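So that the names make sense, note that chain A is the first sequence line, chain B the second, and so on, each numbered from 1. Keep in mind the model is a prediction, meaning the values are calculated, not measured.
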Protein chains: 2
Amino acid sequence: MSAPSIRARVRAEMIDEIKAAARRHLATDGANLSLRAVARDMGMVSSAIYRYFPSRDDLLTALILEAYDALGDAVETADATAARHDLRGRWHAVSRAARDWALAHPAEYALLYGSPVPGYAAPDDTILPAQRPPVTLVGILRDGLADGRLAAPDDELPEPVRADLAEIAASLFPGLPESLLARGMAGWTQLFGLISFELFGRVAGAIPHRDAYFDHQTGLMADLIGLPR
Amino acid sequence: MSAPSIRARVRAEMIDEIKAAARRHLATDGANLSLRAVARDMGMVSSAIYRYFPSRDDLLTALILEAYDALGDAVETADATAARHDLRGRWHAVSRAARDWALAHPAEYALLYGSPVPGYAAPDDTILPAQRPPVTLVGILRDGLADGRLAAPDDELPEPVRADLAEIAASLFPGLPESLLARGMAGWTQLFGLISFELFGRVAGAIPHRDAYFDHQTGLMADLIGLPR
DNA sequence: ACTAAGCGAGAGCACTGCTCTCGTTGTTGC
DNA sequence: GCAACAACGAGAGCAGTGCTCTCGCTTAGT
């Protein structure tokens with residue numbers, strides 16, 4: 001007697017296979033995933049897919065969740081691999097990890113950070129995994145502050161901004177000064193823009209040496225934050 | 001005798017009406033524009049649209065071109081309205097103009113800066129209008145440098161980065177130091193990320209005071225660039 | 001052993017982009 | 001002024017989509 005029945009195991013395997021096939025289609029055909037094509041790939045008829053996913057959007061949601069997790073893993077692993085006190089090294093490692101993952105999985109990145117699908121509303125399950133990359137980035141600042149290797153800039157924030165950031169800090173980074181959080185978020189925002197520009201084809205051929213450009217751009221944000229060289 | 005024949009005039013009006021109807025649909029139904037729905041709105045049958053646009057993608061391209069122009073106009077007008085020597089004021093005015101336009105035309109913004117449609121390749125006509133916002137931003141730096149109100153940072157760029165930026169500067173901003181161009185592009189990248197995050201629903205309810213947050217974030221990039229307060 | 005649930009196939013609905021044909025209507029050359 | 005021609009709108013049709021419903025078959029639980 002197996003705790004998960006045979007049927008349940010087969011079902012789990014089917015779900016995985018469907019997701020795998022869907023991911024394959026996503027990579028080749030782009031964002032507009034065809035449920036029927038996925039079904040064809042598995043030698044099934046389209047209606048059979050509905051035994052496993054109530055709708056196409058639910059399939060997409062499953063893929064999005066997995067993609068968030070994959071990106072989160074990549075980013076956190078890169079952060080953990082770098083020497084803990086080398087703040088700038090960690091910043092670059094995390095940035096590069098995010099970019100590398102995006103370049104390796106462009107369609108999934110577009111799913112996460114591209115224009116939202118009209119009818120589609122991301123469920124709450126996505127909130128936490130979506131926070132992992134920015135939390136990892138700002139975590140570097142938190143560590144630097146604790147080590148004394150990083151000082152909080154003493155710029156004065158407008159009160160509403162300070163209050164909003166204080167709320168975020170309270171729930172995610174207790175004790176982190178709002179001014180530092182603000183700069184960290186600026187860095188995360190620029191990182192996202194940098195990757196999106198490169199991936200979505202703006203910038204085009206204007207910058208042949210993309211790797212070096214990317215590192216320099218993220219380095220500029222490290223400067224803004226005050227990460228020691 | 002009218003230089004443009006009646007037929008030609010009617011045709012031009014029809015094209016405009018189709019684009020207007022399409023824009024209306026874009027605003028309500030989101031990115032997946034239905035040619036048939038547009039045709040229905042005009043009391044036509046879908047095949048009649050093909051007399052004016054060879055395909056749905058060509059209709060989208062026309063909308064994209066107009067959107068780029070609208071955004072470019074908004075941005076350049078904002079820049080021209082601010083006092084020429086008030087570099088920081090211009091920076092904020094341009095940033096806000098871009099954001100305001102995006103918030104007022106979210107679907108069109110998504111068309112321009114969202115994930116690219118799989119089969120769709122942006123024609124070369126879009127390159128120039130697409131450059132207008134970043135060119136406007138960096139133009140502020142160019143003016144500041146000419147006025148002596150802004151100094152080029154003397155950070156040393158890796159040679160490949162310097163070379164790539166030098167090429168861009170040569171064609172768009174002759175004489176602009178590469179280091180300044182790099183920081184300007186960082187600002188543009190962050191601005192795009194900022195608007196996209198807000199528009200595409202990340203950040204969600206985390207930041208209630210969006211206007212103030214936006215201004216502060218763009219102000220941080222102005223700091224990085226060195227725009228005088 | 002019997003019942004109930006899970007499953008895959010198939011038909012069908014409403015929708016999509018796009019093509020082709022067929023009359024009609026406006027434009028232009030003679 | 002009229003004939004030839006091009007532009008036009010309607011309609012039918014094709015291949016594709018997401019999704020629903022029904023029908024048998026297989027497996028699981030009692």
Could you state the [atom1]-[atom2] distance from [X] to [N], rounded to the nearest angstrom?
| X | N | atom1 | atom2 | answer |
| --- | --- | --- | --- | --- |
| A:F53 | D:dT20 | CZ | P | 16 Å |
| A:N32 | C:dG17 | CG | P | 13 Å |
| A:M44 | C:dG6 | CE | C1' | 12 Å |
| A:E13 | C:dC7 | CD | C1' | 16 Å |
| A:I15 | C:dC7 | CD1 | C1' | 13 Å |
| B:I18 | C:dG17 | CD1 | P | 13 Å |

key: Cation-pi, B:Y68 ring and B:R132 (6.0 angstrom, 45 degrees)   = no
Hey, does the side chain of [X] reach the backbone of [Y] with a donor-acceptor pair shorter than 3.5 angstrom?
| X | Y | answer |
| --- | --- | --- |
| B:R210 | B:E198 | no |
| A:T136 | A:E76 | no |
| B:S95 | B:T218 | no |
| A:D164 | B:H209 | yes |

message = Quick check on DNA chain C: between A:I49 and B:R51, whose nearest nucleotide comes earlier from the 5' end?
response =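 With A:I49 and B:R51 compared, the 5'-side residue is A:I49.
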query = Which part of the nucleic acid, if any, lies within contact of A:Y52, taking any heavy atom under 4.0 Å across all strands shown: a base, the sugar-phosphate backbone alone, or nothing?
reply =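 Sugar-phosphate contact only - A:Y52 comes under 4.0 Å of backbone atoms but never of a base.
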inquiry  = What contact category does A:M42 fall into here, base, sugar-phosphate, or nothing, at under 4.0 angstrom with non-hydrogen atoms?
reply    = nothing
Produce the list of close N/O pairs, under 3.5 Å, pairing protein atoms with atoms of nucleotides 16-19 of chain D; give distances to one decimal.
from   : atom 1 : to    : atom 2 : distance (Å)
D:dT17 : OP1    : A:S34 : OG     : 2.8
D:dT17 : OP1    : A:R40 : NH2    : 3.4
D:dT17 : OP2    : A:R40 : NH1    : 3.3
D:dG18 : OP1    : A:L33 : O      : 3.2
D:dG18 : OP1    : A:L35 : N      : 2.5
D:dG18 : OP2    : A:L35 : N      : 3.2
D:dG18 : OP2    : A:R36 : N      : 3.0
D:dG18 : N7     : A:R36 : NH1    : 2.3
D:dG18 : O6     : A:R36 : NH1    : 2.9
D:dC19 : OP2    : A:Y50 : OH     : 2.9
D:dC19 : OP2    : A:R56 : N      : 2.7
D:dC19 : O5'    : A:Y50 : OH     : 3.2
D:dC19 : N4     : A:R36 : NH1    : 3.3
D:dC19 : N4     : A:S46 : OG     : 3.4

message = Does A:L220 form a side chain to side chain contact (heavy atoms under 4.5 Å, CB included) with A:Q190? I'd like the steps, not just the answer.
response = CA-CA 10 Å; A:L220 284 177; A:Q190 195 250 13; 5.6 Å; no
request  = Any chance you could lay out the ring pair (Phe, Tyr, Trp, His ring centres under 6.0 Å) test for B:F192 and B:Y113, step after step, and finish with the verdict?
outcome  = CA-CA 8 Å; B:F192 152 77; B:Y113 294 107; 5.7 Å; yes
task = Measure from the side chain of A:V45, starting at C-beta and using heavy atoms only, and say which of D:dA10, C:dG6, C:dA9 lies closest.
result = C:dA9
query = Does A:R11 make a side-chain N or O approach to OP1 or OP2 of C:dC7 shorter than 4.0 Å?
reply =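 The answer is yes; a side-chain N or O of A:R11 sits under 4.0 Å from OP1 or OP2.
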